[in-house]
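Data first, discussion second: the structure below is written as structure tokens.
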Amino acid sequence: MSKVRCDLAGLPSAARRLTVLVVVTLLCACLHPTAEAQQSSLRKGTYLEAQMHYGRIVKHTSKLLFEQESNSVGLEVNLLFQTHGKKDWHGFHKFPLFGLSTYYYSLGNPDQLGHALAFVPNLTLKPIKRPSFDLIFQVGTGLAYLTRTFHRIDNPQNNAISSHWNNATAFKLGISWHLRPRWTLNAGGSFIHFSNGSTRLPNFGINVPAAYMGVRFRPNPVLAEDYKPQQGSDNPQRPWGVLAHTGMAYVEVLNIGGPRYPIYLASLGGYYHLSPYGRLQVGFEYEFNRGAYAFGKHTYSFTSEADARRRSGRYMIYAGYEFLFGPLGIQLQLGWYAGRQSILLRNVYYTKLISRYYLPSIGAKGPRPYLNVQLKSHLFNAEYVAFGLGMAF
């Protein structure tokens, strides 16, 4: 049985230097005699966080082969920008923060799993805001580089990750205590997921729940009198509407090292605004999987060309809620498969995390185009990462 130990000493020298640099920088900013005078020249609401994460990889399937020699240790530096009321949605969402995190994770087995470096744009919400503390929820998705991947001969036990470049999706739930005007103490729970969306197999993914603790330095903080209350109405100008979307993902099907095939996506749904900054959505989705089509053709699973096209597609019904932060939309979605005709259908439901960026409307009151990224999963297993475009009417 492997021993459970902290792997901080096993971190690469670059990570240790990063830790020391962050601590020294924050201490110097706090103790330097000219810090008070310098803060007026800094942009109001620009903050810096330094945090440590300590957790352990969850083996979400018995098919994972790697050993867990120790717990996982992560270092995070997050550059944050505090909203304070320039837009009405700032006040409605209780003045969230936008950030860009840099993570460095030691995954608990340097030989098989190695280390991860990730860059994750994020959004921090404050469901509960008090003078002495804030309850925070943070969500982010970005890009990660993992140093060790699957190899048939050199590293066959790492069947979780098969490519160096991966998606990283991170969540946090915690509390920020306001210790001093420029300092907060942060603590809570975090979760980070690494996966390439099945663009290469094997791809069971890596999931790391952890506890975290750190500090936030606010050299020129937004004060209580700086926050501007919401001015506009809570009633949306157009409560009902329609969204249409198309997109594509690339996945490797069945065989490790085999060909990659596209999955074509299309959806049509309706939405209803519960407020100007959030809306419920229901609709239909369709996927055509070229990998399933090629597999069925190769194994003579289809009776005709029409049968091949029908059974290579999947029809879905979905419901979701989209949070709107200016031009950015973040949607949490749950979907169900309608019918059992697909030859690769093994699940009843799926989830999606969708990030949308809305472009300016076409005309004064015309449709609004958008770009989006979708991460589709079945429980803890990511099926694909898709990119696409759509239109909101």
Side-chain angles (χ1 to χ4, degrees), residues 7 10-12 14-15 18 51-61 63-78 99-122 138-151 155-172 189-212 249-252 256 260 351-355 373-387:
D7 195 31
L11 281 173
L18 176 62
Q51 292 168 146
M52 178 172 286
H53 301 252
Y54 185 76
R56 189 169 178 84
I57 292 175
V58 172
K59 285 193 172 184
H60 53 278
T61 173
K63 297 178 181 179
L64 288 168
L65 302 177
F66 60 82
E67 297 293 332
Q68 291 183 282
E69 297 180 352
S70 67
N71 290 342
S72 299
V73 177
L75 305 173
E76 178 194 1
V77 177
N78 192 10
L100 176 61
S101 284
T102 300
Y103 288 89
Y104 202 112
Y105 251 96
S106 173
L107 297 172
N109 185 330
D111 294 328
Q112 294 178 359
L113 300 179
H115 306 271
L117 178 66
F119 302 95
V120 182
N122 54 74
Q138 186 181 103
V139 58
T141 184
L143 189 65
Y145 182 86
L146 274 69
T147 59
R148 297 287 288 160
T149 64
F150 171 84
H151 190 278
N155 196 14
Q157 290 79 23
N158 182 1
N159 61 343
I161 295 293
S162 58
S163 60
H164 287 293
W165 291 103
N166 293 267
N167 167 262
T169 299
F171 300 91
K172 284 184 198 168
S190 66
F191 179 88
I192 190 164
H193 169 81
F194 301 107
S195 167
N196 66 21
S198 295
T199 56
R200 290 291 184 193
L201 295 179
N203 181 57
F204 288 111
I206 292 176
N207 299 305
V208 190
Y212 75 89
Y250 265 94
V251 298
E252 191 172 275
I256 297 173
R260 289 185 292 171
T351 59
K352 281 187 177 182
L353 175 64
I354 303 175
S355 300
V373 180
Q374 302 185 11
L375 174 62
K376 182 185 178 185
S377 302
H378 298 108
L379 291 178
F380 295 105
N381 294 322
E383 182 181 355
Y384 60 69
V385 177
F387 299 88

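Note that the structure is a prediction, hence the values are computed from the model and not measured.
You'll find the side chain of L117 reaches within 4.5 Å of the side chain of T102, heavy atoms only. Counting heavy atoms from C-beta outward, Y103 and L75 have side chains that stay 4.5 Å or more apart. Contact annotation: the side chain of R260 approaches that of T199 to within less than 4.5 Å [non-hydrogen atoms, C-beta and beyond]. With a 4.5 Å cut-off on side-chain heavy atoms, P110 and R148 do not count as touching. With a 4.5 Å cut-off on side-chain heavy atoms, T169 and L353 count as touching. A 4.5 Å side-chain heavy-atom check between S162 and T149 finds every atom pair outside the cut-off. The shortest distance between side-chain heavy atoms of L201 and N159 does not fall below 4.5 Å. Residues V120 and L100 are not in side-chain contact: their nearest non-hydrogen atoms beyond the backbone lie 4.5 Å or more apart.
A cation-pi arrangement is present between K59 and F66, with the terminal nitrogen or guanidinium carbon under 6.0 Å from the aromatic centre and inside a 45° cone about the axis.
Partners of P209 by side chain to side chain contact (heavy atoms under 4.5 Å, CB included), not counting sequence neighbours, listed by chain and number: V58, F191. With sequence neighbours excluded, the residues satisfying side chain to side chain contact (heavy atoms under 4.5 Å, CB included) with Y212 are Q51, H53, I136, K172, N186, S190. Residues passing the ring-ring contact (aromatic ring centres under 6.0 Å, His included) test with Y145, sequence neighbours excluded: H164, W165. Residues satisfying the ring-ring contact (aromatic ring centres under 6.0 Å, His included) test with H151, not counting sequence neighbours, are none. With sequence neighbours excluded, no residue forms a side-chain hydrogen bond (donor to acceptor under 3.5 Å, both in side chains) with N155.
Atom NE2 of residue H193 and atom CZ of residue F171 lie 9.5 Å apart, to the nearest 0.5 angstrom. In this structure, the separation between CZ on F194 and CG on L146 is 6.0 Å, given to the nearest 0.5 Å. To the nearest 0.5 Å, the span separating CD on Q138 from OG on S101 amounts to 5.5 Å. Note that CG of N158 is 9.5 Å distant from CG of L65, once rounded to the nearest 0.5 Å. Separating the CG atom in L113 from the OG atom in S106 is a distance of 9.5 Å, to the nearest 0.5 Å. Atom CG of L64 is separated from atom CZ of F204 by 6.5 Å, given to the nearest 0.5 angstrom.
Although no hydrogens or angles enter the test, the distance criterion places no donor-acceptor pair under 3.5 Å between the side chain of N167 and the main chain of N196. For N109 (side chain) and E67 (main-chain N/O), a donor-acceptor pair under 3.5 Å exists by modelled atom type. Checking side-chain atoms of Q68 against main-chain N and O of I57 turns up a donor-acceptor pair under 3.5 Å.
Side-chain contact, S195 with N166: no donor N or O sits under 3.5 Å from an acceptor N or O.
Shown here for L107 and A116, the closest heavy-atom pair between the two residues is CD1-CB, 4.4 Å. Closest of all the heavy-atom pairs between V208 and S72 is CG1-CB, 3.9 Å. Residues A144 and A118 come closest through the heavy atom pair CB-CB, 3.8 Å. When all heavy atoms of G55 and N71 are compared, the pair lying nearest together is O-CB, 3.1 Å.
Here salt bridge (charged side-chain N to carboxylate O under 4.0 Å, His left out) pairs that include residues 377-386, with residues two or more places apart or in two chains, are R314-E383, K376-E383.
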For this session: Step by step, work out the side chain to side chain contact (heavy atoms under 4.5 Å, CB included) result for V139 and N122.
Result: CA-CA 6 Å; V139 58; N122 54 74; over 6 Å; no
For this session: Take V73 and Y105 through the test side chain to side chain contact (heavy atoms under 4.5 Å, CB included) and record every step on the way to the result.
Result: CA-CA 6 Å; V73 177; Y105 251 96; over 6 Å; no
